[in-house]
Amino acid sequence: MNDLITLLSDALWAYLLIAVLVLCGLWFTWKTKGVQFRMIGEMFRLLADSATSGTNDLSDKNAHHKHISSFQAFAVSVATRVGTGNLAGVATAIAIGGPGAVFWMWVIALLGGATAFVESTLGQLFKQRNKDSFIGGPAYYILNGLHLKWMAYLFAILITITFGLSYNSIQSNTICGAMHEAFGWSPIVVGIVISTIALIIVFGGIHRIARVSSVLVPVMAIGYFLLAVVIILLNLEHVPHVLKVIIADAFGWEQGMGGALGITIMNGVKRGLFSNEAGEGSAPNVAATATVSHPVKQGLIQALGVFTDTLLVCSCTAFVILISGLYTVPELNGIALTQAALSSEIGSFGTLFIAIAIFLFAFSSIIGNYYYGEANIRFMTSSQSVLTVYRIFSAGAMVMVGALASLEFVWNLGDLCMALLTACNLVAIIKLGKYVFRLLDDYRNQKRNGTKEPVFHRSLLPDIERDIACWE
């Protein structure tokens, strides 16, 4: 079974998704005039304003008083991004694809910023009111924007399986591996503890998930980033050599052209997408929950999440591993390689620190991943019993599967699910991207005319005005 999953996953990535992801990134970068670069200052302004003053909603004055702020939505999406992909995923990409895989992770992140902007803006545009918050995502913009019910349900099923089930097994597998490496704890015991805590949180709904994520994410990301920066600064003389190795390996100048280069690119792109999720269709689900005055605002904030994840956190892990030189040891892969690399630089504390960091990283990802499935379960059915069964499987059963399964099986299954999910979402955002370009023009025009906080009215898009539910 594992061999079949690997074969299908590699075929999809090698012959389809890499080219489509890069082309989409280039297309959206061109059509938005490089939004991920030109408006980075506005991204930081919006995030800072939301973090300090909460929501500044002007579009839904009569909504229920419980709001999800832009910062909280950003924190939930970063919680799913900043996880095992940053520690174990980067290590796996380097171990299998070589140092050059890091370069291709950077490429997919730089281009993916535009893709992330487009899909999250669409999530905001086509969001709908839920009981005490907004709800939305690709299933909603496929249904209301493209009017393709079968495709909307297909996406909802795929993302529920990918994030709520498959990805949660990866997070659990990584936590258990790190705890076993650091403390010798049994994966079964760790799995039971993780599932119990996760079930308590997910039964509290999106508001509890958002509160937990908004606390855990900044603490874990800043702590890990600072430690990695200290290690890099202490080894500053090695940085030029590390950069040289990454660039040389990225284009096959050292390992030879052909198959080896293909493996490098494929692993870089796969692990980059697993980490930053740009184009995968996941972040729009939480981007839609935010209360903002213009859809572009949350699109900009979510684009910033891609850079935070890959260009900062993933790069820190990559540099620590490459400085240590342990990536050439065949026995080391995944989280064990990251732990060994840190231990070689700061002693046994490195193993302990990574065990704690990966617990926070991966646990926050588990509850964030769960929500992506919940949003799409609610899209398909209003049955509370179905949602309860999903909660038990996502935060309970699949966490235990990950605790007991092999590293190779959970990653290969995740890669296959990710390929199918991404292909479905890319088709939708390519077709609906024209609305995002018009929204961005409107936002920029309002800013140029002196409006600090642009406001969107659905009359701006008369051709789809009836399909937009939440904008007065």
Side-chain angles (χ1 to χ4, degrees), residues 40 44 47-48 51 75 78-79 81-95 99-103 105-106 109-110 174-175 177-179 181-183 213-247 249 271-272 275-276 304-329 332-365:
I40 195 163
F44 280 107
L47 186 62
V78 172
R81 286 181 173 127
V82 179
T84 57
N86 302 88
L87 280 76
V90 174
T92 300
I94 294 173
V102 178
F103 175 84
M105 290 180 73
W106 291 340
L110 290 171
T174 307
I175 292 177
M179 293 301 175
E181 185 76 17
F183 307 110
S213 297
S214 63
V215 173
L216 282 184
V217 170
V219 171
M220 70 183 183
I222 292 171
Y224 177 71
F225 176 72
L226 290 177
L227 177 63
V229 167
V230 168
I231 293 174
I232 293 169
L233 290 175
L234 292 174
N235 293 273
L236 207 55
E237 70 274 12
H238 299 301
V239 171
H241 174 70
V242 167
L243 290 171
K244 180 182 176 182
V245 169
I246 290 173
I247 299 301
D249 197 70
R271 296 286 71 82
S275 183
N276 64 52
L304 185 61
V306 174
F307 293 162
T308 303
D309 172 89
T310 306
L311 299 184
L312 289 181
V313 185
C314 283
S315 295
C316 285
T317 302
F319 272 71
V320 170
I321 290 172
L322 295 175
I323 286 171
S324 75
L326 293 175
Y327 64 94
T328 58
V329 179
L332 292 176
N333 195 351
I335 195 62
L337 173 54
T338 307
Q339 285 178 304
L342 267 181
S343 296
S344 71
E345 299 301 320
I346 59 174
S348 58
F349 172 72
T351 300
L352 299 177
F353 179 85
I354 286 296
I356 297 169
I358 200 64
F359 178 83
L360 295 175
F361 276 30
F363 183 76
S364 65
S365 292

*Asks:* If we ignore hydrogens and angles and just use 3.5 Å, is the side chain of Asp249 paired with the main-chain N or O of Val245 as donor and acceptor?
*Replies:* no
*Asks:* List the atom pairs, with distances to 0.1 Å, where a side-chain N or O of residues 313-326 and a protein N or O form a donor-acceptor pair under 3.5 Å, not counting sequence neighbours.
*Replies:*
residue: Ser315; atom: OG; partner: Trp106; partner atom: NE1; Å: 2.8
residue: Ser315; atom: OG; partner: Thr310; partner atom: O; Å: 3.3
residue: Ser315; atom: OG; partner: Leu311; partner atom: O; Å: 3.0
residue: Thr317; atom: OG1; partner: Asn86; partner atom: O; Å: 2.8
residue: Thr317; atom: OG1; partner: Tyr224; partner atom: OH; Å: 2.5
residue: Thr317; atom: OG1; partner: Val313; partner atom: O; Å: 3.4
residue: Ser324; atom: OG; partner: Ile321; partner atom: O; Å: 2.6
residue: Ser324; atom: OG; partner: Leu326; partner atom: N; Å: 3.2

*Asks:* Taking all atoms of both residues into account, what is the closest heavy-atom pair of Tyr327 and Pro99, and its distance?
*Replies:* CE1-CG, 3.6 Å
*Asks:* So does Phe183 have more than 12 non-hydrogen atoms from other groups sitting under 6.0 Å from CZ?
*Replies:* yes
*Asks:* How long is the straight-line distance from OG1 of Thr328 back to CG of Leu337, given to the nearest 0.5 Å?
*Replies:* 9.5 Å
*Asks:* Going from CG on Leu226 to CD1 on Ile231, what distance comes out if it is rounded to the nearest 0.5 angstrom?
*Replies:*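 Here the interatomic distance stands at 11.5 Å.
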*Asks:* I need the Asn235 CG to His241 NE2 distance, nearest 0.5 Å.
*Replies:* 12.5 Å
